[in-house]
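Remarks on the structure that follows.
Every chain is numbered from 1, with letters handed out A, B, ... down the list of sequences.
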Amino acid sequence: MAVGIEKPPVGLSRVAISQTHGENSPYFAGWKAYDENPYDEIKNPSGVIQMGLAENQVSFDLIEEYLKQHPETSTGGDHNSNFRENALFQDYHGLPSFRKALASFMGQIRVGRAKFDPDRVVLTAGATAANELLTFILADPGDALLIPTPYYPGFDRDLRWRTGVKIVPIHCNSSNNFQVTRQALEEAYNSAKAMNVRVRGVLITNPSNPLGATVQRQVLEDILDFVTKKNIHLVSDEIYSGSTFSSSEFVSVAEILEARNYREAERVHIVYSLSKDLGLPGFRVGTIYSYNDKVMTTARRMSSFSLVSSQTQQLLATMLSDKKFTENYIRTNRERLRKRYDMIIEGLKKAGIECLKGNAGLFCWMNLGPFLDKPTRESELVLWSSIVHEVKLNISPGCSCHCSEPGWFRVCFANMSEQTLEVALKRIHDFIKKQR
Amino acid sequence: ITHSFLKTNRKMENLSKIATNDGHGENSPYFDGWKAYDENPYHPINNPNGVIQMGLAENQLSFDLIQEWIQKNPKASICTKEGISSFKDIAIFQDYHGLPEFRHAMAKFMGQVRGNRVTFDPNRIVMGGGATGASEILMFCLADPGDAFLVPSPSYPAFDRDLRWRTGVPLIPVPCSSANDFQLERRALEEAYKKAQQANIKVKGLILANPSNPLGTLMNQDALTTLVSFINEKNIHLVCDEIYSATIFRSPEFVSISEVIHDPNVVCNKDLIHILYSLSKDMGLPGFRVGIVYSYNDAVVACARKMSSFGLVSSQTQHLLALMLSDEEFVARFLEKNTKRLAKRHMLFTKGLEEVGISCLRSNAGLFVWMDFRRLLSEPTLEGEMKLWRIIINDVKLNVSPGSSFHCFEPGWFRVCFANMDDHTMEVAIQKIRSFVDPKNESLVK
């Protein structure tokens, strides 16, 4: 190695030094506990069970079955000339066949209540990239996005870190099942104004993470009216849209827009991904669907920093254009998620634990408020620590989701086998018994 | 389906400054030639009068080797019956550390490309969304908005977008001149640095591509050592984009910055050194979006790794490449054959041009040549260059890239790509250039 020289450490950027990457949040401390002592049915039955990871592992068999029956999906297999074209394809418009298949898939999830134009589909490497990209486009450094609490912890990094944009919470509470109210919207907007911060938009996740519930139609209408009145944007992250237990219970903002004849649509942008509904987070497939031409064009250009691998686009184009497969997958996946949800709710109920009534997602929103020493964040974290280190379950504390009411926890149920879920439920049961 | 949105009376609130500025770079003339090609692409049978694409630095010479490997290794695909047992684990894998086997294979490959004269640590391999995403990640790590980076010119046009657009980091060109074959001079570096200081601009680092785009030349040991001495003295970062490291087709041999800083005789603060890499050029796989940040600075590795969440490589692709790149025998054979084919193309092309008095900068790397069309300019100005360029696109029907789009200060130079087409198209292109330059074939050697 070259001779080292003594020099004051050369600075990195402020972004590099900041803590906005968010990894020092308790959200991640539980992960470390899991990483150091992961549960295994046979090899480590007393290890930490991972319930903090919103992954969908209940429907892989359907995809594997499809691939076995369709060998033509493999790269450079029988389709020699396609390999070259595919390997070269880096056009930020994305593979036309993939865009078409994805637009069609999104329409199928909404049971035809909304249709998507393939030419408006902008591809990004995951929803992580999509959300950051939209933030760069809709807001300047120092501006704010309003986000209902509780919200996905990753937003703190994804929306703020490199963009310099702030998040101002729209406070929701259990008195009305954490639904967004018009009053809460106004309060959030005014608090930003009081801080001299310019609000550029509202960002919602529908179905909600961590609530595991769809946003009601009336609330969507209210939010749309609000952003119109304030002349700001609306981003609807619909990443869990295919994970609603019943297809009829999800209302997409796309449907509302269609019903309004697309009036004011140019302020609305939808984010989607295949990481949750299809359980393919490793493939990095996200999309921005904007009704605003300028946003769409700019997002497409900006997607250059995070394009989807052409190899992956090719594979998924074939798979998602198979309507028979997608219909069966969507339906079966919903059923299996519902079954899991029922199982965990039942198990928690037996232990005397209530959850928010949910109808979507890969997790439930559990209320341990009654078991807190005091209704404070500190108490919540103390309880959480026992659950992670003694009960050995990595669940996510509500404070990491910026929930204003202490005592709520997000518990994932789709990233493990049924047996493991039984073990987890038994541990919770025993723990609660001891608490009494 | 087209949505016909009713226009509102009130104008939609503006988008961000980043969204509305020109930072996307697409209004540059660089893209006009592409538009001409897109509207009228050459095809040997269907459109022999179309525009031949010579503005795209792609390596299309060695796909057969890769395809052959893929066919012989069905396990590398998670879709084949041999590989499907890995499907689930790969599909779930989104850890920003990347698949360990992918990192190991990449580190090994990078070492092999450098003749195993130096080794790379898999734990320093960080992913980015292609070199495009990787280079932006480094800027976010190393510079604040307003801090500047020096860029020896002529340079890759998309640096303007990739390094500046969302980061707010201005680029300061360090001009190089044909007087000494566009070699980077210490004097020019000092001058650019001083000028920045006088303008109260904080220079955080220097970025260059080695091998050079658009020149196709290498920096030798001395030049790199001088560069290292300069950045150490100023205590600024050095980012070496080695994206063309496996395209050296003739001597002299490539000297990587990694070799220079491992040299015990060289004094260097390794925290200043960062390498960019990708498989888009060396292996011809731009669609796979494999960008790599390799930093000798631990804090940068840690930060870049977190940022890679915004542009991870698809796990499906990581899995395929992990197997392919760790196949030493395949890699050795690929590197050898690929460079031989590049050498042949380069020779064919430059010889065909020499015969009509067109010279190119003497080069031994890259997927292009730096062609000297100065004597064909009506006037030695930017306007003269643009005029000539429009003739080349519209009349000669070749999309070549004008030197001005590379921030070259001397008019009349053009970058011409030669590895993105088949042999026949290459012949046609050479013939078109020869006819244009020497219509009466007066200097044609029989």
A:K294, NZ: over 12 other non-hydrogen atoms inside 6.0 angstrom: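 Yes, because the 6.0 Å sphere around NZ of A:K294 holds more than 12 heavy atoms from other groups.
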[X] [atom1] to [Y] [atom2] distance, which is reported to the nearest 0.5 Å:
X: B:Q94; Y: A:L280; atom1: CD; atom2: CG; answer: 11.0 Å
X: A:I63; Y: B:F87; atom1: CD1; atom2: CZ; answer: 5.0 Å
X: B:C79; Y: A:K68; atom1: SG; atom2: NZ; answer: 12.5 Å
X: A:L67; Y: B:K81; atom1: CG; atom2: NZ; answer: 14.0 Å
X: B:S77; Y: A:Q311; atom1: OG; atom2: CD; answer: 7.0 Å

Taking [options] one by one, which has the highest count of heavy-atom pairs under 4.5 Å against chain A?
options: B:L99, B:L142, B:I90, B:V290; result: B:L142
options: B:R161, B:M139, B:H319; result: B:R161
options: B:G284, B:S280, B:P286; result: B:P286
options: B:I84, B:I18, B:I92, B:T20; result: B:I92
options: B:A158, B:G133, B:G128, B:C141; result: B:C141

Could you check whether any side-chain N or O of [X] sits under 3.5 Å from a backbone N or O of [Y], counting only pairs where one atom can act as donor and the other as acceptor?
X: B:D144; Y: A:R14; value: yes
X: B:S315; Y: A:G282; value: yes
X: A:S13; Y: B:F140; value: yes

Find out whether [X] and [Y] are in side-chain contact, i.e. whether some heavy atom of one side chain is under 4.5 Å from a heavy atom of the other.
X: B:E58; Y: A:L88; answer: yes
X: A:Q57; Y: B:K88; answer: yes
X: A:F283; Y: B:L312; answer: no

Side chain to side chain contact (heavy atoms under 4.5 Å, CB included) assessment of B:L15 paired with A:H233: CA-CA 9 Å; B:L15 303 182; A:H233 295 274; 3.6 Å; yes
A:S309 and B:S314: side chain donor to acceptor below 3.5 Å: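 Note: A:S309 and B:S314 side chains miss the donor-acceptor criterion.
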Short side-chain donor-acceptor distance under 3.5 Å, A:T163 and B:R166: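 Judged by distance alone, the side chains do not pair up.
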Which atoms of [X] are under 4.5 Å from chain A, going by heavy atoms: the side chain, the backbone, both sets, or neither?
X: B:E26; value: side chain
X: B:V228; value: neither
X: B:K306; value: both
X: B:A299; value: both

With chain B, which of [options] has the greatest number of heavy-atom pairs at distances under 4.5 Å?
options: A:V285, A:T297, A:I137, A:N415; value: A:I137
options: A:T135, A:I17, A:L138, A:T312; value: A:T312
options: A:V308, A:D158, A:V15; value: A:D158
options: A:R284, A:R301, A:Q313, A:Q90; value: A:R301

Parallel, tilted or perpendicular: ring planes of B:F310 versus A:W161, cut at 30 and 60 degrees: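 Geometry flag for A:W161 against B:F310: tilted rings.
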To check you understand the geometry: which heavy-atom pair defines the closest contact between [X] and [Y], and what is its length?
X: A:R157; Y: B:S309; answer: NH1-OG, 3.1 Å
X: A:S306; Y: B:G311; answer: CB-CA, 4.3 Å
X: A:D140; Y: B:K17; answer: OD1-N, 2.7 Å

Cation-pi geometry met for B:R289 and A:F305 (6.0 Å, 45°):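 Checked: cation-pi criterion not met.
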Side chain to side chain contact (heavy atoms under 4.5 Å, CB included) assessment of B:M307 paired with A:H21: CA-CA 8 Å; B:M307 285 187 185; A:H21 52 70; over 6 Å; no
Side chain to side chain contact (heavy atoms under 4.5 Å, CB included) between B:H237 and A:L12, worked out: CA-CA 9 Å; B:H237 292 281; A:L12 302 186; 4.0 Å; yes
Region of A:E64 in contact with chain B, defined by heavy-atom distances below 4.5 Å: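 Its backbone and side chain both get close to chain B.
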Candidate pair B:Q60 and A:R84, rule side chain to side chain contact (heavy atoms under 4.5 Å, CB included), full reasoning: CA-CA 8 Å; B:Q60 294 192 24; A:R84 187 173 148 276; 2.5 Å; yes
